[in-house]
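Below: one structure, written as structure tokens.
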Amino acid sequence: MNDIKVAVLGSEGVGKSALIVRFLTRRFIGEYASSSDCIYRKRMSIDARQLNLELYDTCSQPCNGKSSLNDQIHWADGFVVVYDISDRSSFLTAKAIVQLIRELHLPANKRDTESVIFLVGNKQDLCHIREVEREEGQKLACECRCQFYELSAAEHYQEVLLMFSKIVRSASLG
Ligand code: GDP
Ligand code: MG
């Protein structure tokens, strides 16, 4: 059986854990405190293939812990890089992470295959206090050849489900 490893990366507070818990349990949990990185496992069936998904919920600070970010990038087959549309600094962090993944991961792996980096603007329900325009996210995704989603862990269960299903499929093709 195939093991597919997906790392969920981004600044603290952008909703990484909320997205993962939503995907795995259908529930939106308002406060999700976890003080250490953790890996969730789920068996999935994609295109009639059985897969073992490992989802890495990171909580080390991406900017401060560059070496652990490197380890996470080397570990993973696919990447969900999350920012919060109401927090511009989280978008800049996401941009730096995407560039690092392209530098470290793609040369060794799957530069020419379907994109395994998904850029996700979370908290779309907070669009009244938006600091990052949808077009900016789209532009970055286009430049870095990522798939782009803007969604809300709080309100869009179907989109969250679709996004994770697609990253698992993409990562399993590499
Ligand atoms: P993490 O540090 O990236 O894992 O972020 P968390 O999943 O712990 O979420 C940080 C905060 O953002 C929590 O208070 C969540 O309730 C909130 N949050 C997460 N996703 C959303 C969302 O889609 N909309 C809104 N309004 N809040 C969210
Ligand atoms: Mg978390």
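Remember, it's 1-based here, ligands and their atoms both numbered in the order they're listed. A quick note: this is a predicted structure, and the numbers were derived from the prediction, not measured. Note that these values count all heavy atoms, side chains included, but never hydrogens, waters or copies made by symmetry.
- Considering only non-hydrogen protein atoms, atom 8 (O) of ligand 1 sits nearest to Tyr32 O, 3.6 Å.
- Against a heavy-atom cut-off of under 4.0 Å, Ala18 is close to the following atoms of ligand 1: 7 (O), 19 (C), 20 (N).
- Checked against a 3.5 angstrom limit, the closest N/O atoms of Gln124 and ligand 1 fall outside it.
- Inclusion of Phe28 in the set of residues having an N or O under 3.5 Å from an N or O of ligand 1 is not warranted.
- Polar contact with ligand 1: present for Gly15 (N/O pair, distance under 3.5 Å).
- For atom 16 (O) of ligand 1, the nearest protein heavy atom (residue, atom name, distance) is Gly30 O, 2.3 Å.
- In summary, Arg88 and Glu136 engage in a salt bridge, as defined by a charged side-chain N under 4.0 Å from a carboxylate O.
- Looking only at protein heavy atoms, the nearest one to atom 10 (C) of ligand 1 is Gly13 O, 3.5 Å.
- Put simply, the side chain of Ile117 reaches to within 4.5 Å of the side chain of Val98, judged on heavy atoms.
- Summary of contacts: the protein heavy atom closest to atom 14 (O) of ligand 1 is Glu31 OE2, 2.9 Å.
- Counting all heavy atoms, side chain and backbone alike, Ala153 lies closest to Leu19 at CB-CD2, 3.6 Å.
- The distance from ligand 1 to the heavy atoms of Ala153 drops below 4.0 Å at these ligand atoms: 20 (N), 23 (O).
- Counting atoms of ligand 1 from 1 in the listed order, those under 4.0 Å from a heavy atom of Ser152 are 23 (O).
- Counting only distance, with no hydrogens or angles, the side chain of Asp57 and the backbone of Asp37 share no donor-acceptor pair below 3.5 Å.
- The closest donor-acceptor contact from the side chain of Ser115 to the backbone of Arg145 lies under 3.5 Å.
- Any N or O atom pair closer than 3.5 Å counts here, and Asp57 shares no such pair with ligand 1.
- Here the side chain of Asp125 pairs no donor or acceptor atom with the backbone of Ser152 at under 3.5 angstrom.
- Residue-ligand proximity, Ala154 to ligand 1, at heavy-atom distances under 4.0 Å covers atoms 22 (C), 23 (O), 24 (N).
- Under a 4.0 Å N-O distance rule, the pair Asp77/Lys5 does not qualify as a salt bridge.
- Backbone and side-chain nitrogen or oxygen atoms of Leu126 are examined, and none is located within less than 3.5 angstrom of a nitrogen or oxygen of ligand 1.
- The residue from Leu9, Thr58, Asn122, Val8 that puts a heavy atom closest to atom 20 (N) of ligand 1 is Asn122.
- Looking only at protein heavy atoms, the nearest one to atom 27 (N) of ligand 1 is Lys123 CD, 3.9 Å.
- Between Glu135 and Lys139 there is no salt bridge, since no side-chain nitrogen of the basic residue lies less than 4.0 Å from a carboxylate oxygen of the acidic one.
- Residue contact annotation: Thr58 places no N/O/S atom under 2.8 Å from the Mg ion (ligand 2).
- Using a distance-only test at 3.5 Å, with no hydrogens or angles considered, a donor-acceptor pair links the side chain of Thr58 to the main chain of Val8.
- At least one N/O-N/O distance between Asp125 and ligand 1 falls below 3.5 Å.
- Look at Glu155 and Arg22 and you find no salt bridge, because none of the NZ, NE, NH1 or NH2 atoms lies under 4.0 Å from a carboxylate O.
- Figure legend: cation-pi geometry between Lys42 and Phe23, with NZ or CZ positioned under 6.0 Å from the six-membered ring centre and within 45° of its axis.
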